[in-house]
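All remarks here apply to the structure that follows.
A, B, ... follow the sequence lines: proteins, then strands. Residue 1 opens every chain.
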There are 2 protein chains.
Amino acid sequence: MGAVSALNGEPTGTLGLPRVPPARPKGRRPSIADVASFAGVSHQTVSRVLNKHPSVREITRARVLAAIEQLGYRPNSAARALASGRTKTLGVVALDTSLYGPVSTMFGIQSAAQRSGYFVSVVAVHSIDRLSVTEAIRRLSAQAVEGIAIIAPFGQAHDALSDLPTGTPVVAVEGDPEADVSVVTVDQVAGGKMATEHLLARGHETVLHVAGPDEWLEARGRTAGWREALLAAGADVVPPLAGDWTARSGYEAGQVLAKIPDASAIFVANDQMALGVLRALYEKERRVPEDVAVVGFDDIDEAAYFIPPLTTVRQDFQRVGAATVQVLVDQLRTGSRHQEHVVIEPELVCRQSSEAR
Amino acid sequence: MGAVSALNGEPTGTLGLPRVPPARPKGRRPSIADVASFAGVSHQTVSRVLNKHPSVREITRARVLAAIEQLGYRPNSAARALASGRTKTLGVVALDTSLYGPVSTMFGIQSAAQRSGYFVSVVAVHSIDRLSVTEAIRRLSAQAVEGIAIIAPFGQAHDALSDLPTGTPVVAVEGDPEADVSVVTVDQVAGGKMATEHLLARGHETVLHVAGPDEWLEARGRTAGWREALLAAGADVVPPLAGDWTARSGYEAGQVLAKIPDASAIFVANDQMALGVLRALYEKERRVPEDVAVVGFDDIDEAAYFIPPLTTVRQDFQRVGAATVQVLVDQLRTGSRHQEHVVIEPELVCRQSSEAR
DNA sequence: GTCCTTGGGGTGAACGGTAACATGCTCGCG
DNA sequence: CGCGAGCATGTTACCGTTCACCCCAAGGAC
């Protein structure tokens, strides 16, 4: 057995392996074949060990593992991908922004993918038009990712999904539940509703709304929830002002709202804009929460340190990421292309900005 | 010529190609060989066209391109990587955080890599210990990335760099300029200095400092710049309070500083902590900038909407990303492992929080 | 006319794995 | 005692490219 690898009388270790690995000719990294001849087995046996195939004797496995260790062998992922057709890589299309939600979602997906043994390749898109998304998907499929998560959460993204390589599982994260792809999403409508109901329950006659950009499905959902809650309570529905998620736009909206004398409660579609609203109210000397109550959305790290600390709606992005990877991996495993629709419930976090008057 | 591919009398297009591509047996994606036989050339000629080799006649190239188009051929990146040894992928080790700086840096790298024709594979690390970084690098090198950018900007990261696959170019972004790897960094010392000098020039006797976590090189650099400026001006150096970048820690530091009666100027090592400081000062009824001037660091989008708008130091992360990719690509192209040290200068953005009294 | 170069293109062998099948051996069972 | 059923392992093909090398015709130098 082990004698094969010790023919030339080299000193041998306990497993019958030569102690000094032979240098590979070209300084190239050792391949499975090198490991095989070093361990005195066939390359296939090495492959079996690498893939944890059950029918390998313990002693053989130990020899192979020792050889791998000695030679410093690392599997070549390109070769593996070529032979098996599997790249163990998921693609993520992310919006090039430091917005809390998209970034957190991306890391949520990354960390879940890692736990499932997948690599993550990221393509950032600078804007939300169909062309960019199509191009991003093209890039990812050129890289032969096994599944794709699209975070850019706006209506147009779905158009681009038709250009997909058929057979590649896709999840639209924060996507349109009506679209004909799998979707993992936080229940934005419920979030908008609970924020609004919270304010109504505090005795406000109605709730004004600073919405996000209308292309964003999240913005639409939050607005829909707000409207629903108002209608259910029979409250006035004042047309919302739309911002662009930035504090600046929130500030501008806040300047308008501050001029409305009987404005007493505002639901802002994200925390950054809420910051701008707070600032506008402060400048107009409308106290929060005494004169005006404000609720945001996202629960960014800073929300608890706004002046005053912001009541807001928290989304669990780790769960979003985990669900996204779960859907992709399931579809990969079963081969089914059944459309999953996972909805994750948000949670209201009460702070000073909406305290009872 | 074209007759070869039209032997069976099928209708042919202008280039002599059959109009209907033959379905591949197993529903598999078309390979270079399919394109070759469809276009009536050898697989090598197709490869030459794909790689823009000069010595291919224009007419031949056109035929091949038409065949590629017709069959919907896409190169198989795994096969290409296996044969050529190049993956066209860069790896990024990023800290799992929505902090503005790291996230912006990551996108800066991503977008620069994309422009240079590289894919980007991201591995997030949840903490900054050596083990995590080593593991991240292990994952990336298992994926055979051609170069690695490490964003996690703390001292310990450098220890892990010794575990690298030799020969893989590495750039430590925001890394220690003293370390023996290539580094791309913003001049934090200059940033801290200009913030402090700005405040001193406004007539403040000295400048207090809320520092970042001491493991972070950026925090150390900013503190060093602050100290340097104070010493140069002969001002008192009050030991800094260290936070952890969060608004909460800034708030806590602010509560302490607000109790110091003659505190009149504070340099805070990032904008989030500055937000916390502002809140603490507000609660203690110390007006900004009338009683206390505050300067932050980063220029996050919201900084202009803090109460009051925050004077801060801006870093150009697009340039950081571009420089990082540049260094990696250069090393890949030339094969040299010369250690580059690129330093990018930050810029002071003056707003109300530090206005003259 | 012969030789050498150069453009255009073909042939076969890597590249480093996995998959399918073949082989020898041991064991339990009728 | 023969025989099928595993188990443990080896053999050979194949994945889709690129690389090194070869071939042929046309053209210019001598």
Short side-chain N/O contact to C/dT18 OP1/OP2 from A/Arg80, under 4.0 Å: yes

Sugar-phosphate, base or nothing in reach of B/Thr60, heavy atoms under 4.0 Å: sugar-phosphate

Donor-acceptor pair between B/Gln143 and B/Thr89 side chains, under 3.5 angstrom: no

A/Ser47 vs C/dT18: side-chain N/O to OP1/OP2 distance below 4.0 Å: yes

A/Glu146/A/Lys88 ion pair, N-O < 4.0 Å: no

Partner set under side-chain contact (heavy atoms from CB on, under 4.5 Å) for B/Glu69, not counting sequence neighbours: none

Atom pair distance, as rounded to whole Å: CD1 in B/Ile32 and P in C/dG10: 12 Å

Below 4.0 Å: OP1/OP2 of D/dG10 and any side-chain N or O of A/Ser42: yes

Difference in axis direction between the ends of the helix from C/dG1-D/dC30 to C/dG30-D/dC1, five pairs, 10°: 50°

Spacing between B/Asn76 atom CG and D/dC14 atom P, to the nearest angstrom: 18 Å

Sugar-phosphate only, base, or nothing, as touched by A/Thr45 at under 4.0 Å among non-hydrogen atoms: sugar-phosphate

Which nucleotide in D/dG16, C/dG10, C/dG16 has an atom nearest any side-chain atom of A/Ala79: C/dG16

Whole angstrom value for the distance that separates P of D/dT17 from CD1 of B/Ile68: 10 Å

Where protein sits on nucleotides 19-26 of chain C, one letter per nucleotide: B base, S sugar-phosphate only, - none, heavy atoms under 4.0 Å: BB------

Nucleotide nearest B/Val56 (side chain, heavy atoms from C-beta), chosen from C/dG9, D/dG16, D/dT9: C/dG9

